[in-house]
Amino acid sequence: MQQSIIETRTGDAPAGEAVVELVDLRKSYGTGPSAVQILDGVNFEVRRGEFVCVVGPSGSGKTTLLKCIAGLLKPSGGRTDFEGQEVTEPPAKLAVVFQDYSRSLLPWMTVRANIALPLRNKFPKQERQARIDEALESVGLAGKGHLYPWQMSGGMQQRAAIARGLAYQPDVLLMDEPFAAVDAQTRIDLEDLVLEVRDRYDTTVLFVTHDIDEAVYLADRVIVLSGAPTTVSHNITVDLPHPRHQVDTKREPRFAELRAFVFEQIQAAKSNTVRNRADA
Amino acid sequence: MQQSIIETRTGDAPAGEAVVELVDLRKSYGTGPSAVQILDGVNFEVRRGEFVCVVGPSGSGKTTLLKCIAGLLKPSGGRTDFEGQEVTEPPAKLAVVFQDYSRSLLPWMTVRANIALPLRNKFPKQERQARIDEALESVGLAGKGHLYPWQMSGGMQQRAAIARGLAYQPDVLLMDEPFAAVDAQTRIDLEDLVLEVRDRYDTTVLFVTHDIDEAVYLADRVIVLSGAPTTVSHNITVDLPHPRHQVDTKREPRFAELRAFVFEQIQAAKSNTVRNRADA
Amino acid sequence: MNRALPLLRTAALRLWLPVLLAIVWWYASAGSQNIYFPPLSTILETFAADWLGSRAATDLVPSLGKFVLGFLISAAGGIALGTWLGLSPAAREAAEPVVQFLRSLPPPVLLPIGLLLFGITGTMNVAIIVMGAIWPTVLNTADGIRSLDGQVADMSRSYRLTFAQRLFSVALPNAAPQVFAGLRTTLQLSIILIVVSEMVAAASGVGYYVLNSQQTFAVAQTWAGTLVLGLIGYLSTLVFLAVEKRVLNWQHGMRRAAEGA
Amino acid sequence: MTLSVADSAPQRPAGRRRSLAPGLGALPLRRLRWRGAATVAVLLLAWEGASRTGLLPAASMPPASQVLSAWAAFAADAAFWTAVGYTLSSALTGLGLVVLVAVPLALAIGLSRAVRESTWFIIEFLKPIPPVAMIPLGLLLWGPSETMKLALIAFGALWPFLTQMVYGIGQVDHVALDMARSYRLRGWLTASRVVVPGLLPFAATGLRVSASIALVVSVVTELIGGAAGLGREIVIAQSAGNLPGMYALILTTGVLGLLINGAFAAAERPLLFWHPSQRKDTQA
Amino acid sequence: PSAPAAGPAALKVGLIPVAEFFPVYVAEDQGFFDAAGLDVTVESMSNAASIVPSVLNGQLTIGTAATPPFLTAVEKKIPVAAVASAGNTSAAKGEDTGAFVVGADSGISSPSELEGKKVAVNALSSLPHVAAAARIAADGGDPSAVQFVAMPFADMQAALEQKRVDAILPVEPFMSQNLKGGAKSISPLYTDVYPAGTTHTLYFASRQFAAQNPDAIAKFREAIAKANELVAKDPSVLRKALVEHGGMAEDVAESVNLPAYNTDFNVAGMKDMAAKMKENGFLTTDMDVEGAILK
Ligand SMILES: Nc1ncnc2c1ncn2[C@@H]1O[C@H](COP(=O)(O)OP(=O)(O)OP(=O)(O)O)[C@@H](O)[C@H]1O
Ligand SMILES: Nc1ncnc2c1ncn2[C@@H]1O[C@H](COP(=O)(O)OP(=O)(O)OP(=O)(O)O)[C@@H](O)[C@H]1O
Ligand SMILES: [Mg+2]
Ligand SMILES: [Mg+2]
């Protein structure tokens with residue numbers, strides 16, 4: 001794999017065991033002549049407590065990747081491991097915040113009930129209520145728990161889905177463009193919220209985003225996917241100091257450097273995409 | 001209404017007749033004691049050929065506002081006019097790109113067919129094909145027209161919905177967070193695409209976004225909504241020169257000024273939001 | 001806003017056509033000599049004489065009891081069976097031929113089987129109703145369960161919801177609109193099957209009344225019995241809808257919201 | 001679409017937990033067919049055994065083997081096939097009538113509140129009236145004829161399909177409807193491209209329910225009203241005390257139902273390829 | 001159905017497929033209808049209640065019925081008239097076409113002992129029901145104290161064996177089969193109450209048709225009379241028709257008891273039947289039986 005200057009400069013990868021490991025992961029949709037290869041040998045690992053952002057062109061296979069890790073899709077080749085075990089069904093210690101939030105909330109339940117649903121198996125009753133209140137509060141939906149999803153705006157639905165993921169308190173949190181539909185200020189708040197949750201509970205986070213600033217700001221490592229058929233084009237360690245700070249961190253020259261670098265890599269990945277034409 | 005320094009400094013509003021006019025628009029959901037007032041007297045107008053961006057906190061009522069303008073929701077008070085006529089049903093010369101793109105595409109039709117559907121009433125058959133191809137090309141989905149929505153990634157679906165709106169070539173285009181799910185580079189391309197469409201066809205655009213950079217970059221005017229119950233808190237004329245340029249425009253000091261100003265206003269609007277607590 | 005007005009409007013909207021048809025029927029049939037189309041007044045007199053008096057207790061109540069019981073068993077059993085078939089492709093494939101076969105059997109031919117298994121008892125009547133009326137609910141539930149959105153399915157799997165949760169909080173609510181559509185047909189069939197079940201070994205009941213009056217050429221009574229069946233259908237639908245409205249509350253709300261209320 | 005069941009269905013420990021995801025437990029088709037056949041075989045054997053051991057009184061329920069041999073005899077009898085033809089053709093024609101009547105009616109009821117409210121009482125009142133009770137009227141108006149049969153089939157089989165369609169219209173996604181309105185799709189475009197496909201899943205279920213009711217009513221009107229077809233053959237066999245023949249005929253109606261349903265299911269698949277219940281390959 | 005035409009008159013017979021009416025098939029097979037200038041088609045129907053409306057509206061021209069339902073229809077002022085007698089009560093007790101049948105170990109030995117018991121009939125107010133009520137009354141019992149339940153003939157034996165009912169009233173061909181199956185007869189059904197030759201099944205037409213087409217009716221009567229005579233002389237012709245047109249197994253057809261066949265009405269017997277029907281509550285008025293028969 002080609003190594004970037006930035007990457008090699010950043011020294012050792014963070015310590016700790018690998019929680020998620022992707023070994024030559026392949027995935028195609030369809031069969032026979034109509035089959036389309038989406039993931040074409042993806043390799044990387046996420047260590048315990050790490051915050052890894054995945055960026056890549058739209059349609060490159062980020063959601064597909066996440067679903068494979070979550071045990072929701074069966075790879076066509078290679079494997080994904082979770083805590084050393086091959087993933088064959090969704091691991092219990094993992095939660096997913098889906099990209100298509102409007103369809104992952106159940107319309108027949110209030111937001112509270114939606115959040116409560118997965119908690120029943122994990123926490124005793126008293127704790128649940130507190131957890132739900134805390135989660136709602138933290139995403140700015142305090143006092144909105146009685147609403148049904150279809151009584152809420154897009155951004156509110158998305159935040160409700162995030163609240164569900166947070167309240168579940170998983171060891172590993174997969175988030176698929178979780179902040180796409182919220183306003184700038186809320187986004188900033190939520191970014192810091194996720195960082196805080198990571199620090200507090202030592203949660204491992206795998207985070208898909210389109211916002212490069214966000215990726216660099218949040219991540220310990222940024223994985224850049226190439227255009228389809230998709231592989232890892234870069235694996236960039238973000239050597240910005242912790243804790244991050246919205247103004248200070250973003251002001252650092254290193255931040256600008258990393259940001260520019262990631263942007264360039266995505267550009268490069270995109271222009272390498274030949275499938276679009278070839279398939280047409 | 002309070003006038004900001006920036007606003008008063010920016011001279012006259014752009015010339016031209018008002019295509020869309022909101023007069024004291026009010027909207028509440030529910031009836032009786034459970035009714036919630038969302039829009040509480042919104043007044044502004046959009047002139048022909050103008051590009052107006054609407055920003056505001058998540059859940060403040062932007063989607064509601066757009067639906068009232070599009071004739072999809074009946075206001076509870078006040079009115080919206082389209083070309084001087086009160087809107088009672090969706091006007092023909094108007095197209096909407098919905099926030100919930102995954103559900104506004106019909107799953108039983110290919111992307112091509114989805115785009116073709118509204119064109120049938122407007123364009124002869126031969127022209128339709130050319131239009132669809134052009135629209136697909138312009139959103140980066142060339143050669144993907146044969147796919148069904150559920151075979152596409154979130155960002156691809158969103159771009160398909162945008163392509164449908166563009167191919168329809170309306171006089172007025174309403175877009176609700178249209179670029180939320182696409183990657184940074186595609187977003188840049190699409191921004192310039194919309195600007196180009198506006199220039200080429202003199203389309204009037206009303207554009208909801210959460211990205212303040214985007215709002216300032218695109219708009220002739222930015223409408224800032226207050227927190228709920230929602231009114232127009234600011235109506236800011238963007239006096240950046242045309243044509244805009246992704247690097248140059250964003251480098252201008254005026255851009256940074258406007259951007260900071262808009263950000264502050266949203267902040268202010270948000271902190272004024274008292275309903276959250278009061279309702280809880 | 002005055003809340004009484006829309007109510008009145010609804011009532012007027014619902015009533016004008018039935019009232020009109022009743023009036024047309026009344027005048028068109030007045031003085032009718034046709035033996036099979038007696039005047040409406042005769043039918044109503046027969047109806048009043050037969051069904052507003054002692055018969056209500058001796059014939060109506062037992063039939064209603066069988067119908068309600070039959071419907072409830074069909075509903076519960078249909079949802080259970082349909083859920084099973086909807087969840088498990090293996091079960092579906094194994095049971096499919098039998099289910100499709102059974103629901104295509106004309107109910108009258110089920111009578112001998114009911115008679116064999118249950119004898120001449122109320123249980124037999126109820127069993128006949130269940131055997132004939134359960135299928136729409138089974139089919140609709142199975143289809144409704146299978147139509148779960150992939151995204152929702154992913155969500156419930158990734159959060160490792162328990163089987164009970166997936167069933168009662170996800171799959172069944174998702175299927176609910178379709179289940180109710182099926183239940184509505186089951187309701188209709190249950191009433192129809194009162195009549196069929198009383199073809200055999202009955203000496204009282206609404207179904208018996210209709211069939212017997214038909215066999216003995218008592219045409220006005222056949223009409224009156226049919227009127228009773230229609231009324232049972234109408235009233236039970238009212239009750240059914242009230243229940244449905246409670247259960248599908250979210251869905252009504254969603255629709256109203258979409259219509260911009 | 002018989003796409004990639006094996007390819008993309010995720011692995012899971014065999015048969016431990018049932019999954020709610022459609023197609024999850026996807027088994028190879030061959031094995032599934034085999035299951036259905038096995039169930040039928042087991043039931044036939046149970047029947048035979050019950051008759052032989054006297055559990056089922058042979059006097060009113062002949063053993064399976066006798067019924068099957070009566071059936072084999074029918075297979076060589078042209079009159080039998082004519083009867084099947086009569087029953088089947090009137091059931092299907094009746095079903096066609098049902099669709100012709102129900103589709104516009106359901107659209108009117110589903111889309112217009114005025115129509116919905118006005119017709120409400122009448123429909124709810126007519127629904128529970130058994131076709132059996134209507135047979136004398138049918139005979140009076142049309143005699144023991146094809147027309148009588150069709151009228152009663154249409155009357156009996158209309159309601160399930162109509163009910164289902166009206167529910168389906170209420171279910172059409174409102175975001176999609178908003179889209180249609182905002183692009184000012186004309187009535188028929190909205191109906192044909194947005195509403196109808198959206199309610200197809202409902203219609204498909206309703207049609208299958210109505211199809212079996214149409215078959216049932218067809219046989220019952222023949223049975224009681226004397227029109228030509230399997231029902232009349234059943235009466236004749238019954239009067240002659242030919243029980244194996246009677247049960248063979250009854251079996252035939254069940255099998256016809258099975259076949260009709262199979263045909264509908266096969267027709268549904270390409271029409272509903274986009275629906276989650278059929279879209280096995282995309283989710284896991 | 002209109003004025004007699006030049007060609008052969010078309011008749012449509014709604015026929016209940018029981019031995020009583022099989023002379024129609026015999027007449028057809030023997031060419032009696034052709035000879036009389038009739039073009040006859042036959043529709044199998046299940047009971048009188050479904051035949052009557054079709055006869056009234058002209059879709060059928062000749063209907064078939066047992067006497068009791070026919071009398072009930074006439075009492076309800078339905079404009080039909082009997083045109084010919086069909087099957088009649090057999091001459092000999094041992095040859096009756098119906099019976100009171102009980103389980104071998106039931107201990108019931110006469111019809112009057114059925115008071116307070118459950119008795120299966122094929123349909124309420126049907127010929128066997130009416131006859132059984134009369135027979136029980138004649139035996140000194142109270143028919144209103146007997147609980148009659150309706151079920152198909154085919155299911156009666158099982159119901160008897162399972163002790164769901166105490167007695168059954170089968171007719172041929174079920175009667176023979178039931179008796180072979182171990183049940184026992186305690187009394188013939190018809191011969192003890194109705195004198196031999198009593199018209200218990202008949203052919204009828206609508207009064208309107210009969211008035212407009214006296215010719216066709218007469219020819220039909222003639223042809224049926226010929227068939228009845230033939231059958232009376234040579235029952236094997238009828239047994240053959242039962243196999244060919246009724247789908248009856250050959251061995252069954254060989255051994256079943258057949259009714260007596262006569263085309264002329266036994267009016268006295270019919271009057272007696274009507275009187276007994278009134279006594280037992282099947283009719284509410286004193287019938288004008290003669291008026292129900294076409295002159
Ligand atoms: N059917 C409804 N019933 C009750 N409240 C509703 C309903 N629909 C929307 N609302 C409320 O209206 C408010 C505005 O919703 P809207 O979707 O217009 O917000 P928005 O500005 O578009 O937000 P976002 O940026 O998150 O999309 C929200 O607070 C929401 O809870
Ligand atoms: N069921 C399917 N059949 C065929 N192709 C599919 C299917 N599902 C997804 N794809 C294709 O797989 C590719 C990757 O999709 P995926 O949703 O993983 O992309 P993504 O990286 O998440 O994109 P985005 O950023 O737009 O969400 C897309 O090109 C899409 O067209
Ligand atoms: Mg994605
Ligand atoms: Mg919105």
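In what follows, every chain begins at residue 1, and chains take the letters A, B, ... in the order their sequences are listed.
Interface residue D100(B): only side-chain heavy atoms are found under 4.5 Å from chain A. For R187(B), no part lies under 4.5 angstrom from a heavy atom of chain A. Only the side chain of F263(B) comes within less than 4.5 Å of a heavy atom in chain A; its backbone stays farther off. Contact of I188(A) with chain B is made through the side chain alone, with heavy-atom distances under 4.5 Å.
Atoms OG1 and CE, on T209(B) and M175(B) in that order, are 10.5 Å from each other to the nearest 0.5 Å.
Between D40(B) and K27(B), none of the side-chain N atoms (NZ, or NE/NH1/NH2) sits under 4.0 Å from a carboxylate O, so this pair counts as no salt bridge.
The residue among A184(A), S60(A), G154(A), A181(A) with the most heavy atom pairs within less than 4.5 Å of chain B is A181(A). Between chain A and the residues G145(B), G61(B), S102(B), the most heavy-atom pairs under 4.5 angstrom are made by S102(B).
If you check the side chains of D176(A) and T63(A), you find a donor sitting under 3.5 Å from an acceptor. A donor-acceptor contact closer than 3.5 angstrom links the side chains of R159(B) and S58(A).
Note on ring orientation: taking the six-membered ring where Trp is involved, the planes of F261(B) and H234(B) are perpendicular (angle over 60°, cut-offs 30° and 60°).
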